[in-house]
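For ligands, and for the atoms within them, numbers begin at 1 and follow the listed sequence. Residue indices begin at 1 and follow the sequence shown. As the structure is a prediction and not an experimental result, all values here were calculated from the model.
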Amino acid sequence: MLLNDINSVRFEINKWRKEGATIGLVPTMGALHAGHLSLIQKAKEICDKVVVSVFVNPIQFGPSEDFDKYPRTLDADRILCEREGVDIIFAPSADEMYGEGQRLSNDTLTYVCPPFFYVNTLCGKSRPGHFDGVCTVVMKLFNIVQPDKAFFGQKDAQQVIIIKKMVKDLNVPIEIIQCPIVREESGLALSSRNKYLTEDGKKDALVLSKIINNIKSCYKKGITDVSALKETAYSFLTDKHDLEYLEFVDKATLDNKREADDDTLVLIACRVEGVRLIDNIYIGD
Ligand code: PAF
């Protein structure tokens, strides 16, 4: 069932609650791919009812980012969700989410702002305000749907860590389930933004997964010095790659590591053909 308004979603969910159903929420911005489907399948496996939200959230995009051209494929998304047995696809407009005529700025709208330490690093450095926008919309979706469990992909590792922190700090009674990255056979992590790449760009984009996999195998061979691990990674880069960051952090706290260990999460962001791509790996697994 496709619903666009908050009241209808609440009405259906109240019925489920009375039946004692466990409710799962999969928040998305649409342009669904196999990565999203893996979240939906996990939700279907462990919840009685599943809601998928499809909303390209304007407040998590910076002024020079791809909000306008972000792929919007609701008809296709709907078919995919129905095939997976999703109970509600919630696809609100920005007016429905934020109020008609509401100016979308933290001067006039209540935002949920995660701690500086968590946002002033990795993707947050080049995307000021991004995680405020993410936490705000996710908190709103949590309040609208009031799910028991919410599902997020490890692909956006910093996002999941920040959402877990928000849920803990604000005592939100929702279990956050993190699901593994889904990759093409080539190793490329699935992303809605891969649609922007040419065939050659997709080949060049393999550098992200190659670098993090190489780091993991070097670590497994006993190399733990982060500077040395970074040096080997840089040799994979060519003039087709515009590296934004390659960082080694604690997988729970985002603290930087000088020596890699089993709790290390390695994250990379790199532009290929002007498209900003991210990937990450737990090297201790
Ligand atoms: O990961 C995403 O697609 C978005 O950041 C999310 C969590 C749906 C919030 O808009």
By number and element, which atoms of ligand 1 are closer than 4.0 Å to a non-hydrogen atom of [X]?
X: Pro27; value: 8 (C)
X: Thr28; value: 8 (C)
X: Val137; value: 9 (C), 10 (O)

How long is the gap from CG on Asp68 to CD on Glu65, to the nearest 0.5 Å?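 The CD atom of Glu65 is 11.5 Å from CG of Asp68, to the nearest 0.5 Å.
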May I ask you to test the Leu246-Ile211 pair for a side-chain heavy-atom distance under 4.5 Å?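 A side-chain contact under 4.5 Å exists here.
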Tell me, do Leu80 and Ile40 make a side-chain contact under 4.5 Å, heavy atoms counted?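 No; the side chains remain at least 4.5 Å from each other.
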Quick check: Gln159 and ligand 1, any N/O pair under 3.5 Å apart?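 Yes - when backbone and side-chain N and O of Gln159 are compared with those of ligand 1, one distance drops under 3.5 Å.
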Less than 3.5 Å between some nitrogen or oxygen of Asn57 and one of ligand 1, yes or no?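 Asn57 vs ligand 1: no N/O contact under 3.5 Å.
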Specify the protein heavy atom at minimum distance from atom 3 (O) of ligand 1: its residue, its atom name, and the distance to 0.1 Å.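 For atom 3 (O) of ligand 1, the nearest protein heavy atom is Met29 CG, 3.6 Å.
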Heavy-atom nearest option to atom 6 (C) of ligand 1, drawn from Lys140, His36, Gln60, His130: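 The option holding the nearest heavy atom is Gln60.
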Please confirm whether Lys69 makes a cation-pi placement over Tyr196, using NZ or CZ under 6.0 Å from the six-membered ring centre and within 45° of the ring normal.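 That pair qualifies as a cation-pi contact.
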Filter on ring-ring contact (aromatic ring centres under 6.0 Å, His included), then keep only pairs touching residues 40-86, sequence neighbours left out; what's left?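 Passing the test, one end in residues 40-86: Phe61-Phe67, Phe61-Tyr70.
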Please list, chain by chain and in numerical order, all residues satisfying side-chain contact (heavy atoms from CB on, under 4.5 Å) with Ile79, sequence neighbours excluded.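 Expected list: Arg83.
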